[in-house]
Amino acid sequence: MTSSASGSPPPFLPYGRQDIDQADIDAVTAVLRGDWLTQGPAVEAFERALCERTGAAHAVACANGTAALHLATLALGLGPGDAMVVPAVTFLATANAARYVGAEVAFADVDPDTGLMGPEQAAAALERATRAGWRVRALAPVHFAGQTADMAGLGALAGRHGLAVIEDACHAIGSLDLAPDGRALPVGGGAFGTLTAFSFHPVKTIAAGEGGAVTTNDGDLAARLRRFRNHGMERDPAGFEDREAAVDEHGSANPWYYEMAEPGFNYRLTDLQSALALSQLTRLDAFVERRRRLMDLYAERLAPLAPLVRPAARVPWCRPAWHLCAARIDFAAAGRTRARVMADLRAQGIGTQVHYIPVHRQPYWRRRYGDLALPGADAHYARTLSLPLFPAMADADVDRVTAALAAALGLPAPA
Ligand SMILES: Cc1ncc(COP(=O)(O)O)c(C=O)c1O
C-alpha cells in the first residue's frame, strides 16, 4: 500500500459510504430524547419533505428499498399469472418484488454501455412474456447508477399497452429527467411512473441506516401502500366492511376498532431513521453537486486510459445524481482478470464493487426460466467495475484511484 507524506497508509476508500455530520447526529438524538421511537411525527415530516423535493402528491416511507418495491407490487395488485418487465442489470430486489406477490419476471436486456433498459429492450421482453402466456401488468425501469432510463420512451410503451410503471429509483434520489420541452423533472414526481421506489441504504445518496419510500400521485395507491406497510390494518371508518362491529349501539365509532381486508407486513420506518433521512435530505443538493464534480474529474482522469477504460456512457435525457462510478474496463484486452485488478486495488487501500451480476443468471431464475440470451446485460457485466464515489472524497482521491487502476491494468499512470 502506498504511504502518505506522514508515512501512514492513506485511508481506505470504499466504493461508497455515508456522510454524517453533527446536524444529522443532533436530529437523531433529539428523537431519542422524545416520546416516539417507532413510526411517528418524524416519519410524517420526512414524507412531507420527500413530497416537496420530488413534487409527488404522496410519499410513503418504509423499512428499505426492497420493502418499497414490494409495497409497489402489492399496491398494484400484481399476482400469479401477471408479469413485470425488469432489466437484467439491477439488484436482486427489483425482480424479487414481483415474485413476492407470485408474479413472473420478464427480464429485459440493457444497453451494454449504460446498463439501462430502453423502450426497445422492454418491448422485446413484453413480447416474449406475452408469447409465454403471461399477462404483463407493469414495467420496472431501474435508474442505474443515478442515470434515469428513457422514461419518455418507456412511458409511451407503457401507455400503449396499459401497463403501470414502477420506477426503481433506489440509485436516483435527486436525479432529474430532462423533458423534450426543456423542463427538469425530479425523479419520483410521477411525470412518467405510477409509483417510484427509493432506498436510503448508507451507500446510497442519502442514508437512513436502512430506509425506503414510495412516491405516487395516486391517492388510492397511496392508501394501499400505507395499509400494506402496517399489517394491512385499516383505521379509517370510511374503509370498514363490518359497520356493525365498528360502532356502538349509539352509532359512535368504537375507538379501538380496526379491520384487515388483506394481509400486509410490518414495513414501517422508525422515527430514528426518518430523522436521519430528513436531515440528510436537506444536504441532498450538496451531495449531488459533489458527486457530479467527482464524476467530471473521473471523466478527465480516465480519458488517457481509453480505450481500455472508459467512464460510463452519459445519456442526454437526464441530469443524474450519480450514485455509482461504474467504469467500463476491457479486462480481456488488458490481459488482467477483474478479480486480480480488484485485489491489486484493495492492496492499495481502494475498494471496488461489481454492479451487477445480471439477475437472470442467478440459479433461482435459471431454474425457473432456463438460460435467457440477454447479450447487452452480459456485455455490461463483463466490463463493469464501480470505483469509489462518495461526497467526502477529495479531488486527490480521484487521482489516487485512477493511478492505481492504471497500474493494476499495466498502463502508464495518467498525467
Ligand atoms: C437498484 C436497487 N433496487 C433495490 C434495492 C434495495 O434497496 P434496500 O437495500 O434499501 O432494500 C437496491 C439496494 O441495494 C438497489 O440498488
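Atoms within each ligand, like the ligands themselves, are counted from 1 in listed order.
- Remark: side-chain polar atoms of D296 are not paired, donor with acceptor, to backbone N or O of R293 under 3.5 angstrom.
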N or O contacts of ligand 1 with protein under 3.5 Å, please list pair by pair.
from, atom 1, to, atom 2, distance (Å)
ligand 1, 3 (N), D168, OD1, 3.4
ligand 1, 3 (N), D168, OD2, 2.8
ligand 1, 10 (O), G65, N, 2.7
ligand 1, 10 (O), S199, OG, 2.7
ligand 1, 11 (O), G65, N, 3.3
ligand 1, 11 (O), T66, N, 2.9
ligand 1, 11 (O), T66, OG1, 2.6
ligand 1, 14 (O), K204, NZ, 3.0
ligand 1, 16 (O), H171, NE2, 2.8
ligand 1, 16 (O), Y356, OH, 2.9

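- Partners of H70 according to the side-chain hydrogen bond (donor to acceptor under 3.5 Å, both in side chains) rule, which considers only residues two or more places apart in sequence or in another chain, are Y267.
- Under the 3.5 Å distance criterion, the side-chain polar atoms of R328 are matched with a main-chain donor or acceptor of H380.
- When the options Y15, Y381, F144 are evaluated for a ring-ring contact (aromatic ring centres under 6.0 Å, His included) with H355, the one that passes is Y15.
- Evaluation of the ring pair (Phe, Tyr, Trp, His ring centres under 6.0 Å) rule for W365 yields F107, Y369 as partners, not counting sequence neighbours.
- Evaluation of the salt bridge (charged side-chain N to carboxylate O under 4.0 Å, His left out) rule for D35 yields no partner, not counting sequence neighbours.
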